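Each chain gets a letter, A, B and so on, in the order its sequence line appears, and its residues count up from 1. Predicted model, so just to flag it, every value in this text is computed and none were measured.
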Amino acid sequence: MSMERGGSKRGFSGWVVPGLACLVFVFLLLPSVIVIPVSFGDAHEMMFPPKTWSFDLYRQFFNDAEWLAAAWLSLRVALWTTAISLLLGVPAAYGLVRGRFPGQRWLGLFLLSPIMVPAIVAALGLYIYFLKTGISGGELRLVLGLSVVTMPFVIVTSMSGLRHIDPNLEAAATIMGAGPLTVFFRVTLPLLKPSIIGGALFAFLMSFDEVTIAWFISRAGYTTLPIKMFSSIQWEISPVLAAISTMLTLISVVICLAVAKIQRRDPKS
Amino acid sequence: MTIQKQTAHSGMPMVRLEGVAKNYDGVTALQGTDLQVEKGEFLTLLGPSGSGKTTLLNIISGMIDPSVGRVFIDGSDVTGLPSAKRELGMVFQSYALMPHMTVFDNIAFPLRIRKVSVAEIRRRVLEVLDLVQLAHLADRKPRALSGGQQQRISLARCIVYNPRLILMDEPLGALDKKLREQMQLEIMRLHTRLGITMIYVTHDQEEALTMSDRIVLMNNARIEQTGAPDDLYFSPRSVFAAEFIGQSNLLEARVVDRASVRLRGGLVVAARADGIAPPGRDARLLVRPESLRLADAGRAAGDPGQGLDNLIPGVAVSSMIVGSLIKHYVDVGESSPIVVQELSSADARAPAPGEKVMVGWSVKNSRLLAD
């Protein structure tokens, strides 16, 4: 009887469910995947499937100073944003999880609120804010604006990491004679490393990709890669977009795999 | 040899608490408490959960600041001094070994904080690893070790820096019974060998009776009774102490005069009631199961014999053999059957359920407690 049930169960969950899952997966994945063959096509028109195969589009990208400048700016902004998010987000998470102070819950809610606000609203808010405060450095505006939205993600991943660390480990280190800084750097931080790296990669990816906020707050002469792609699709539909998209996809996939690998190595998750 | 037996050269106590109490938002975790722990002593804080024993331990460790009162360690006032500066060691139920460090690095950690030289660290770590007989595991991560091994490493990590006091918070709570008994012996061996003062928290009365020089029994956020294990077992001062430590029969009794009490069924038995005046007062008569004896129903209540002072009638409910012991449950008119415990033997006779029996005890083995 159990054999029968097992058999019929395998019949259903063995084919139908994975089959459906595959279809949905293909449907979701196809738009991203389709640009890959396109990117190896002709330098003059976007076409699927491409008539001829070449690296022309990649060559075009790497020979275009404007595209390279945009990519370089995006990279710089993403790195700075990640650094700021970590520097502020990790200690904030530590205070929120380990600390005991009045208004703790509200502060946590406040720090995570950018996640809850629609990007377009945050973008408008930041635009007005920069106008009022007179912060005018193009790159600085991008870094500050993007940090506001990436920091909550660093805080969330760090907080969940911290909750998995036994507070007795820190207590043990303290009683053994370690000062608060020693405890943080020798015990907490090494144990939190997988969460921090995960949060950092995520922050990097988000800030590298971000369009809405960057569009609102960037000034003339500070065009990030996604903004340039966006305007390019509006005005010229350059086939080089396919090559850039392929490269961005590759970076995303590599980063996501890295996060997955780190988290699997982490014994606690 | 760096691991030396600490000697009690001065008469100063290792720990002294003066009127220490702790409140959290109106909830009392510890009522005003005085306590003194002598140098080299093995002291156990025993009590049910919520009795305040862990709060008391954490006040000594400095992880909790007392609301009032003062804490002295080795003669100096450490109230408000951070944990890191108290020169203590602590062993946790969860072991609290650093999962990202090897066994060696875990034990070396307190020495590295103290900036001990590399060669000295190596020598001392290997020495304590030998002491706990786990030298072969130096390069493993704690995760690869069994619970018992982890707790021995955790002990080694304490011993290695010669703290003046080791605190243990239910260190064997996560281990199974057999391993727990083995570890009890191990801890006692280390205590005898090193002479370090140890304060041990547990809710397991058997563990406390086995290991301690002195037990501090706690209940409802205060100290119920302090004394040596046999003191607490044979001379409990309250119903709570009698019930918490060991097995107990507590008979409902009303004081008649200085030498006798009336039981629930109306029988008057001999008891030392001088501590519990006046007559008419309700009390409980404690007789441990092993102090009770079964006698034939034929004997008269007035003629106890067998060196017994009291003999009361009852009806056998059931008997069971627990290895070397035999337990008889007898209904003597109390709200629940009392337990008579005797050594079992091949020819031991158990009364049939429903059979009339007599239960006897001598006055010196009973104790009258205020209700």
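Of all heavy-atom pairs spanning A:Ala178 and B:Ile113, the tightest one is CB-CD1, 3.4 Å. Taking every heavy atom of both residues into account, B:Tyr161 and A:Ile175 meet most closely at OH-O, 4.1 Å.
Contact of B:Leu97 with chain A is made through the backbone alone, with heavy-atom distances under 4.5 Å. Proximity to chain A (any heavy atom under 4.5 Å) is shown, for B:Met90, by both the backbone and the side chain.
Of all the listed residues (A:Val187, A:Asn168, A:Thr182), the one sharing the greatest number of non-hydrogen pairs under 4.5 Å with chain B is A:Asn168. In terms of heavy-atom pairs under 4.5 angstrom with chain A, the leader among B:Ser94, B:Ser61, B:Ser154, B:Pro82 is B:Ser94. Interface remark: of the candidates B:Met101, B:Arg114, B:Arg86, B:Arg114 forms the most heavy-atom pairs closer than 4.5 Å to chain A. Comparing B:Cys158, B:Ser83, B:Gly62 by heavy-atom pairs within less than 4.5 Å of chain A, the highest count is held by B:Ser83. Most heavy-atom pairs under 4.5 Å with chain A: of the set B:Leu167, B:Val91, B:Leu88, this distinction falls to B:Leu88.
Residue B:Asp176 places its CG atom among more than 12 non-hydrogen atoms of other residues, nucleotides or ligands, all under 6.0 Å distant. The number of heavy atoms from other shown groups lying within 6.0 Å of OH (A:Tyr94) is above 12. Counted within 6.0 Å of CZ on A:Phe110, heavy atoms from surrounding residues, nucleotides or ligands total 12 or fewer; the atom is thus considered open.
Here the side chains of A:Leu169 and B:Pro99 are in contact, with some heavy-atom distance below 4.5 Å. At a threshold of 4.5 Å between non-hydrogen side-chain atoms, the residues A:Asp166 and B:Phe92 do not count as touching.
Separating the CE atom in A:Met176 from the CG atom in B:Asn106 is a distance of 7.5 Å, to the nearest 0.5 Å.
None of B:Arg112, B:His100, B:Met98 except one satisfies the side-chain contact (heavy atoms from CB on, under 4.5 Å) rule with A:Arg186; the exception is B:Arg112.
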